[in-house]
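Here is the structure we will look at.
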Amino acid sequence: MSFNWRDGNQLRLLENGDQFFPRVSGAIQRAERTLLLETFILFEDEVGNDLHEQLLKAARRGVKVEVMVDGYGSPDLSDRFVDSLTAAGVRFIYYDPRPLVLGMRTNVFRRLHRKIVVIDEQIAFVGGINFSAEHNIDFGAEAKQDYAVEVKGPVVLDIAQYVQQQMGSEQHTRRWWGARSHRPAVNAMPGEAQVLFVYRDNDEHRDDIEQHYLAMLRKAQKDVIIANAYFFPGYRLLREMRSAAQRGVRVRLIVQGEPDMPIVKVGAELLYNYLVDGGVEVYEYCRRPLHGKIAVQDQQWSTVGSSNLDPLSLSLNLEANLMVHDRAFNQTLRDNLELLIQQDCVRVEDDKLPPRNWWQLTKGVIVFHFLRHFPAIAGWLPAHTPHLSQVAPPVQPEMETQDRVEADNSGAKS
């Protein structure tokens, strides 16, 4: 399944959970027919519990609600949490749940890493924000800096069609020219944005997102900013970043300076000499952990999504990004990134680069060979066929069962 660029969409950039969660909640409250939700992480905290309440209300008023969460990212949801949803009619699916082996989870690779919400085939949310409180600023020093996009317009039907297929949904999305007559016309208030929905899987679309990054770097004329939480990309992308910088494009890279996992910074630092020597400006975001996966090029191109630029996202995980051609959205995202650089980032200057000695050289050679060959190496990693596990609705709740028994006994006595 492949999609084309769609004209006339409306976009809204959402920063962190503080902007994302209220917009999603409001859209769910207005849902009338269908609600599709995919996420890597759903925690049973204040954010997850609020989502739970909204999903219950939607299902009880007749909305067809379908939810899919990753078996690795969301392994600890309680039976109470899930069963109350399925009892209300929610179709709840785990993507590739796997049993523990010696206390360890085995579904480490090929995770469902997408974060997508689609409501009534009219509005969609795509980005990197999970449903957990750590995406809200008031979470504290460990709150994640992240982004998502709210989109209305023709591209929403592409997103809905894709998610339905991945979930094995019984509903079938109609194309915009075959919309049901009782529905408001899609894109009744045209926007300017051209949007393309791009995903990576482990079948025919293994490197689609990476190819868009590579093409963007080759076509860049003046300026590129990439902000990515887990930066350890393939050799081709590193080479294109250097090539763009060496032909006069200002290439800026924002990575984690206060990572949520220390190994993230260790990996990125192995690439600093190669990038900085090639003219790329590298910045470490130091306010809190960076979780965003975004980029802008020149005045029109931008992307927001779930895909990191690391081996997992580029070669193994299931990911989804929106590619955008729109000056206004580009400027909004660019302004945000410029502010991040000015207020919260430290530039990696020559005096902050890792030492240039034989040990660093040896590590660099190993890293670049690894990055060059990782797509092939990924084919050797555990490649069982992931399966979807739909949670069945619970048997009649205990109170209802007891009421029925008492009613039967009463009838027998009469």
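Residue numbers run from 1 in the order of the sequence given.
Distance check, rounded to the nearest 0.5 Å: CG of Leu56 to CZ of Arg61 gives 11.0 Å. If you take CD1 on Ile41 and CD1 on Ile129, they are separated by 12.5 Å, rounding to the nearest 0.5 Å. Taking CD of Glu38 as the start and OG of Ser306 as the end, the distance is 9.5 Å to the nearest 0.5 Å. Rounded to the nearest 0.5 angstrom, Leu85 CG and Glu53 CD are separated by 11.5 Å. Atoms CG and CG, from Leu339 and Asp344 in turn, are 7.0 Å apart once rounded to the nearest 0.5 Å. Note that the CD atom of Glu121 and the CG atom of Leu36 stand 8.0 Å from one another [nearest 0.5 Å].
Judged purely by atom type and a 3.5 angstrom limit, Asn308 has no side-chain atom pairing as donor or acceptor with the backbone of Asp310. A distance-only check finds a donor-acceptor pair linking the side chain of Thr86 to the backbone of Asp83 [under 3.5 Å]. Without hydrogens or angle criteria, Glu284 side chain to Val346 main chain gives no donor-acceptor distance under 3.5 Å. A donor-acceptor pair under 3.5 Å links the side-chain atoms of Asn317 to the main chain of Arg111, judged by distance alone. Proximity of a side-chain donor or acceptor of Ser169 to a complementary backbone N or O of Gln165 within less than 3.5 Å is not detected. Of the possible donor and acceptor atoms, none in the side chain of Asp18 sits under 3.5 Å from a partner among the backbone N and O of Asn136. The backbone N or O of Leu275 lies less than 3.5 Å from no partner atom in the side chain of Arg242, so there is not a single donor-acceptor pair. Asp45 places a side-chain N or O within donor-acceptor distance of the main-chain N or O of Ala133, the cut-off being under 3.5 Å. At least one donor-acceptor pair under 3.5 Å links the side chain of Asn202 to the backbone N or O of Leu316. The backbone N or O of Gln221 sits less than 3.5 Å from a side-chain atom of Asp298, completing a donor-acceptor pair.
Between Val155 and the choices Asp7, Leu196, Val195, Val126, the side chain to side chain contact (heavy atoms under 4.5 Å, CB included) rule is met once, by Val195. Asp146 pairs with exactly one of Lys115, His291, Lys293 by the side chain to side chain donor-acceptor pair (under 3.5 Å) rule, that one being His291.
Taking the side chain as every heavy atom from C-beta outward, Met241 and Leu214 never approach each other to under 4.5 Å. Residues Arg334 and Ile225 have side chains in contact (heavy-atom distance under 4.5 Å, counting atoms from C-beta outward). You'll find the side chain of Ser132 stays beyond 4.5 Å of the side chain of Val47, heavy atoms only. Residues Arg91 and Val67 have side chains not in contact (no heavy-atom distance under 4.5 Å, counting atoms from C-beta outward). Proximity of Val224 to Met216: side-chain heavy atoms (C-beta onward) are separated by under 4.5 Å at one or more points. At least one side-chain heavy atom of Leu337 sits less than 4.5 Å from a side-chain heavy atom of Val296. Side-chain atoms of Ser315 and Arg206, non-hydrogen and from C-beta on, never get closer than 4.5 Å to each other. With contacts defined as side-chain heavy-atom distances shorter than 4.5 Å, the pair Phe232/Leu271 qualifies.
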**OP:** I would like to know whether Ser307 and Leu314 meet side chain to side chain contact (heavy atoms under 4.5 Å, CB included); could you show each step before the answer?
**Re:** CA-CA 7 Å; Ser307 182; Leu314 294 177; 4.2 Å; yes
Subject >> Phe197/Leu322 under side chain to side chain contact (heavy atoms under 4.5 Å, CB included): CA gap, chis, key distance, verdict >> reply: CA-CA 5 Å; Phe197 177 68; Leu322 291 184; 3.9 Å; yes
**OP:** Under the side-chain hydrogen bond (donor to acceptor under 3.5 Å, both in side chains) rule, what do Ser84 and His52 come out as? Steps first, then yes or no, please.
**Re:** CA-CA 9 Å; Ser84 57; His52 180 272; 2.7 Å; yes
Subject >> Working for side chain to side chain contact (heavy atoms under 4.5 Å, CB included), residues Asp277 and Tyr272 >> reply: CA-CA 8 Å; Asp277 287 350; Tyr272 282 1; over 6 Å; no
**OP:** Dump the intermediate steps for salt bridge (Lys or Arg N to Asp or Glu O under 4.0 Å) on Arg114 and Glu319, then the final yes or no.
**Re:** CA-CA 5 Å; Arg114 299 186 297 260; Glu319 307 284 1; over 6 Å; no
Original post:
Taking it one step at a time, do Glu240 and Arg218 satisfy salt bridge (Lys or Arg N to Asp or Glu O under 4.0 Å)?
Top reply: CA-CA 7 Å; Glu240 292 298 342; Arg218 293 183 192 120; 3.2 Å; yes
**OP:** Decide yes or no on side chain to side chain contact (heavy atoms under 4.5 Å, CB included) for Trp301 and Lys219, but give the supporting numbers first.
**Re:** CA-CA 10 Å; Trp301 186 96; Lys219 295 175 182 177; over 6 Å; no
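Environment of CD in Glu142: sparse, with no more than 12 heavy atoms of neighbouring residues, nucleotides or ligands closer than 6.0 Å.
Across Pro97 and Tyr94, no two heavy atoms sit closer than the pair CD-O, 3.6 Å. Smallest separation of non-hydrogen atoms from Ala31 and Ile119: CB-CG2, 3.6 Å. When all heavy atoms of Glu134 and Phe43 are compared, the closest pair comes out as OE2-CE1, 4.1 Å. Across all non-hydrogen atoms, the minimal contact from Phe329 to Arg12 is CE1-C, 4.3 Å. Leu333 approaches Ala295 most closely through the heavy-atom pair CD2-O, 3.8 Å. When every heavy atom of Tyr95 is checked against every heavy atom of Arg110, the shortest pair comes out as CE2-O, 3.4 Å.
Within the structure, ring-ring contact (aromatic ring centres under 6.0 Å, His included) contacts touching residues 198-229 (residues at least two apart or in different chains) are Tyr162-Tyr199, Tyr199-His205.
Phe131 and Phe20 have their aromatic ring centers within a separation under 6.0 angstrom.
By the 4.0 Å N-to-carboxylate-O rule, Arg30 lies too far from Asp120 to be salt-bridged with it. The pair Glu258-Arg287 does not meet the salt-bridge criterion, since no charged nitrogen lies less than 4.0 angstrom from a carboxylate oxygen. A salt bridge does not link Glu32 with Lys64: every distance from a Lys NZ or Arg NE/NH1/NH2 to an Asp or Glu carboxylate oxygen is 4.0 Å or more. For the pair Asp158 and Arg6, the salt-bridge criterion is met [side-chain N within less than 4.0 Å of a carboxylate O]. Arg236 and Glu210 are joined by a salt bridge, as a carboxylate oxygen and a charged side-chain nitrogen come within less than 4.0 angstrom of each other.
No side-chain donor from either of Gln300 and Asp326 sits under 3.5 Å from a side-chain acceptor of the other. Side-chain atoms of Glu44 and Ser78 include a donor-acceptor pair closer than 3.5 Å. With 3.5 Å as the limit, one finds a donor-acceptor pair spanning the side chains of Arg288 and Gln145. Between the side chains of Asn330 and Ser302, no donor-acceptor pair is found at a separation under 3.5 Å.
For Ala124, the side chain to side chain contact (heavy atoms under 4.5 Å, CB included) criterion is met by Val118, Val151, Val156, Ile159, not counting sequence neighbours. Qualifying side chain to side chain contact (heavy atoms under 4.5 Å, CB included) partners for Gln29, counting only residues two or more places apart in sequence or in other chains: Ser25, Gln54.
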